[in-house]
Amino acid sequence: MMSSVQLSCAGVAAVAFTKNGSTSLDRLRLAPPSAFVCSSRRPSRSLVIRAATVVTPKYTSLKPLGDRVLVKLGAAEEKTIGGILLPSTAQSKPQGGEVIAVGEGKTIGDKKVEVSVQIGAEVVYSKYAGTEVEFNDAKHLLLKEDDIIGILETNDVKDMKPLSDRVLIKVAEAEDKTAGGLILTETTKEKPSIGTVVAVGPGPLDDEGKRQPLSVSAGSTVLYSKYAGSEFKGADGTNYIILRVSDVMAALS
């Protein structure tokens, strides 16, 4: 039996259901106004949406609530670095875009904390964060501010400004030889987990809504968790990683 949900005309704009009945808003597509009809003669009558069906009206604006941010997605890569054309199924999902709307912020204790990113900022976000929304014939992502990794102030990742409790690290080069002098191939080189801190975020918010400074600073050489964070490549081919400060295990000197 197919799962169903009843929505009043003043209720949620669109809902999708998976086969097991759990909600899924990964793909929200806005249909023409005729796709959503409310009866003025019988206001108590509800619209029934069955499994795997999305029925949405076409709105002219979308306002994020709370600490959420609406990001217009950048284009997916159509070619590899070597110039090979990628099929649509293999194209890498974009991890950046432009902020076009922000929520009013959140309240922590007695303090109102506004969203720290500004409209127009170019941002990078966690790979699997947020809900994709197709709006005004363009793809967007609706996500929480904490899912934004950093702000791109130039086209090079080395100039990224980390947010919250995140740090940007320039990754040390992998060793070309083992301790015994054996030359390593690219596939067998051990993934480095040491690097130099390039920039740090303003720190997380405490229970009173105040920023707490991070325990590491720019210029420090650190050891970090091997499989943490998000990796990026700079314009000159240098490898960078951005991760939470809790994934930094030690400072080296």
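Computed from heavy atoms alone, side chains included, the values below leave out hydrogens, waters and symmetry copies.
Here the straight-line distance linking atom CG of L163 with atom OG of S116 works out to 5.0 Å at 0.5 Å rounding. Rounding to the nearest 0.5 Å gives a distance of 7.0 Å between CD1 of I242 and CZ of R166.
In terms of heavy-atom proximity, K158 sits nearest to L168 at O-CD2, 3.9 Å.
Under a hydrophobic clustering in which Ile, Leu, Val, Met, Phe, Trp and Tyr are joined whenever their side-chain heavy atoms come within less than 4.5 Å, directly or via other members, L73 and M160 fall into different clusters.
T154 contributes a side-chain N or O that, together with a main-chain N or O of D156, makes up a donor-acceptor pair within less than 3.5 Å. Side-chain atoms of Q212 do not come within 3.5 Å of backbone N or O of L205 as any donor-acceptor pair. Under the 3.5 Å distance criterion, the side-chain polar atoms of Q95 are matched with a main-chain donor or acceptor of Y125. Listed for the R68 side chain is no donor-acceptor partner under 3.5 Å among the backbone atoms of E104.
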Next on the checklist: Pair V157, D159 - check side chain to side chain contact (heavy atoms under 4.5 Å, CB included), show working.
Outcome noted: CA-CA 5 Å; V157 67; D159 299 318; over 6 Å; no
Checklist entry - Can R244 and D146 be said to form a salt bridge (charged side-chain N to carboxylate O under 4.0 Å, His left out), step by step? => result CA-CA 11 Å; R244 293 188 183 275; D146 190 56; 2.9 Å; yes
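The 12-atom threshold is exceeded at NZ of K63, counting heavy atoms of other residues, nucleotides or ligands nearer than 6.0 Å. Heavy atoms of other residues, nucleotides or ligands lying less than 6.0 angstrom from CD of E114 number 12 at most.
Inspection of the D236 and T238 side chains reveals an N or O donor paired with an N or O acceptor under 3.5 Å.
Partners of T196 according to the side chain to side chain donor-acceptor pair (under 3.5 Å) rule, which considers only residues two or more places apart in sequence or in another chain, do not exist here.
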